[in-house]
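Sharing a structure below in structure tokens format, with a few things to ask.
One-based numbering, in listed order, for ligands and for the atoms of each. Note that the structure is predicted; figures quoted are calculated from it, not measured.
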Amino acid sequence: MKTFFSVGPSKIYPKVYDWIKIALDDQILSISHRSADFEKIYIKTATNIRKLLSIPKNYRIYFLSSATEGMERILQNTVEKNSFHFVNGAFSKRFYEIANELNKNTDKIEVAFGSSFDFENQNIPKKSELVCLTHNETSTGVMIDESHIENIKNKNPNKLIVVDAVSSAPYIKFNFKNIDALFFSVQKGFGIPSGLGVLILSEQAFEKSKYLESKNLSCGSYHSFKTLEKYYLKNQTPETPNILDIYLLGKVAEDMNKKGLDKIRRETEVKSEVIVKSIKNTSYSYLVSDLSFQSKTVHVLKIPNGSEKLIKKLQKQNIVVSTGYGNMKKDYIRIANFPAHTKEEIEKLCSVILEINKKTT
Ligand SMILES: *Cc1c(COP(=O)(O)O)cnc(C)c1O
């Protein structure tokens with residue numbers, strides 16, 4: 001058996017093996033998505049996600065097909081003209097590009113991959129309606145401290161704030177007071193098969209979509225907020241959704257609630273420390289050296305003389321890590337530290353890395 005420390009898809013949450021079998025045995029994969037049985041699954045999943053992430057009652061929970069879809073939907077439904085983007089890696093860039101593809105007027109602050117922003121001196125134009133933030137840049141391992149999100153909201157109370165939390169949820173306990181929309185997909189921190197996106201939406205963001213609809217502007221079709229809302233109120237989805245994933249997400253969130261998010265967070269930090277300490281004893285180095293914005297869930301390491309050989313050697317020992325992203329592919333590796341990864345697995349990974357590094361230097 002391989003252990004996947006890849007950043008997404010990543011290691012499957014261990015109990016998912018049993019839960020898939022239960023889903024098959026209980027025949028929930030054949031039920032109608034208009035049935036009371038499906039509504040029960042929807043309610044259970046939404047309730048557990050709401051509890052886990054401390055989502056206020058008046059925030060909607062919509063199911064989409066991916067996080068990338070979340071980017072498109074939020075732009076289509078809340079931006080009449082102008083969006084603003086913090087760009088520091090491939091995913092924040094994708095968000096910005098989607099806005100351009102949708103013919104929005106875009107402004108951005110862009111910094112080098114691996115850097116974070118000078119939040120104190122940020123200047124968001126008055127006209128910007130939506131501020132787009134990538135909480136944890138999976139391409140570079142830069143995580144934004146929550147205090148910055150709070151400051152942005154405080155300085156821009158009339159703008160909507162959207163947070164891409166794909167590779168940090170559920171590690172970060174967000175304060176939704178400062179956030180109007182947050183989305184993630186499930187193949188990273190939740191450890192379930194890909195094919196489901198979750199969009200959490202404030203009253204204010206939903207009202208904006210109503211305003212756009214009232215002006216006869218297109219907000220999309222089957223996944224416009226208007227249509228998502230109509231079905232959300234019935235605990236359903238507009239289309240036939242990924243029922244298995246919705247079911248599994250409910251199970252994983254329920255299990256995490258039993259354990260407690262605080263405990264999961266502490267474990268994540270302990271495992272992260274294990275990786276940081278081990279890497280100090282190698283010839284490898286972090287792309288992000290500033291600890292104040294180094295990600296705890298995605299570790300991006302520069303490998304002198306290229307990462308290809310290391311990745312192959314790890315594979316021989318049934319350990320899978322991700323390559324660097326895009327043009328960093330050949331010189332970097334990325335290691336995920338998600339709730340599904342046990343401390344023992346992280347320690348094993350580190351000892352193998354230390355051994356390989358000793359032999360090659
Ligand atoms: C993986 C990832 C995405 C894209 O997720 P999909 O489920 O493939 O759409 C978006 N943003 C971040 C930060 C990611 O890590």
* To do: Would you verify whether the NZ or CZ of Lys108 falls within 45 degrees of the ring axis of Tyr96 while also being under 6.0 Å from that six-membered ring's centre?
  => yes
* Asked: Taking heavy atoms and a distance under 4.0 Å, where does Met71 meet ligand 1: side chain, backbone, both or neither?
  -> side chain
* Considering heavy atoms of the protein only, find what lies nearest to atom 11 (N) of ligand 1 and give residue, atom and distance to 0.1 Å. => Asp164 OD2, 2.6 Å
* To do: Can you pull out the closest protein heavy atom to atom 2 (C) of ligand 1? Residue, atom name and distance to 0.1 Å, please.
  => Lys188 NZ, 2.5 Å
* Asked: Applying a 4.0 Å heavy-atom criterion (strictly less than), which segment of Gln187 is in contact with ligand 1: side chain, backbone, both, or neither?
  -> side chain
* Out of Phe95, Phe183, Phe91, whose heavy atom is nearest to atom 3 (C) of ligand 1? -> Phe91
* Asked: What's the verdict on side chain to side chain contact (heavy atoms under 4.5 Å, CB included) for Thr282 and Leu301, showing C-alpha distance, side-chain angles and the deciding distance?
  -> CA-CA 11 Å; Thr282 67; Leu301 306 173; over 6 Å; no
* Structure fact -> ligand 1 atoms nearer than 4.0 angstrom to some heavy atom of Asn136 are 13 (C)
* To do: Could you tell me whether Lys210 atom NZ has more than 12 heavy atoms of other residues or ligands within 6.0 Å of it?
  => no
* Residue pair Ser283 / Asn357, side-chain heavy-atom distance below 4.5 Å -> yes
* To do: May I ask you to check if Arg334 and Tyr325 form a cation-pi contact, with NZ or CZ under 6.0 angstrom from the six-membered ring centre and within 45° of the axis?
  => no
* Structure fact -> Exactly one candidate in Lys44, Lys259, Arg50, Lys51 meets salt bridge (charged side-chain N to carboxylate O under 4.0 Å, His left out) with Glu254; the answer is Lys44
* Structure fact -> among protein heavy atoms, the one nearest atom 7 (O) of ligand 1 is Ser185 OG, 2.7 Å
* Asked: Closest non-hydrogen protein atom to atom 15 (O) of ligand 1, residue and atom name please, with distance?
  -> Thr138 OG1, 2.4 Å
* Asked: Should the proximity of Val7 to ligand 1, defined as any heavy atom under 4.0 Å, be assigned to the side chain, the backbone, both, or neither?
  -> neither
* At their closest point, which heavy atom of Asp180 faces which heavy atom of Ala205, and how far apart are they? -> O-CB, 3.8 Å
* Note the single closest protein heavy atom to atom 4 (C) of ligand 1, along with its residue, its atom name and the distance in Å. => Thr68 OG1, 3.7 Å
* Is Val298 in contact with ligand 1, taking contact as a heavy-atom separation below 4.0 Å? -> no
* **Thr45 versus Ile246, closest heavy-atom pair with distance** => OG1-O, 2.7 Å
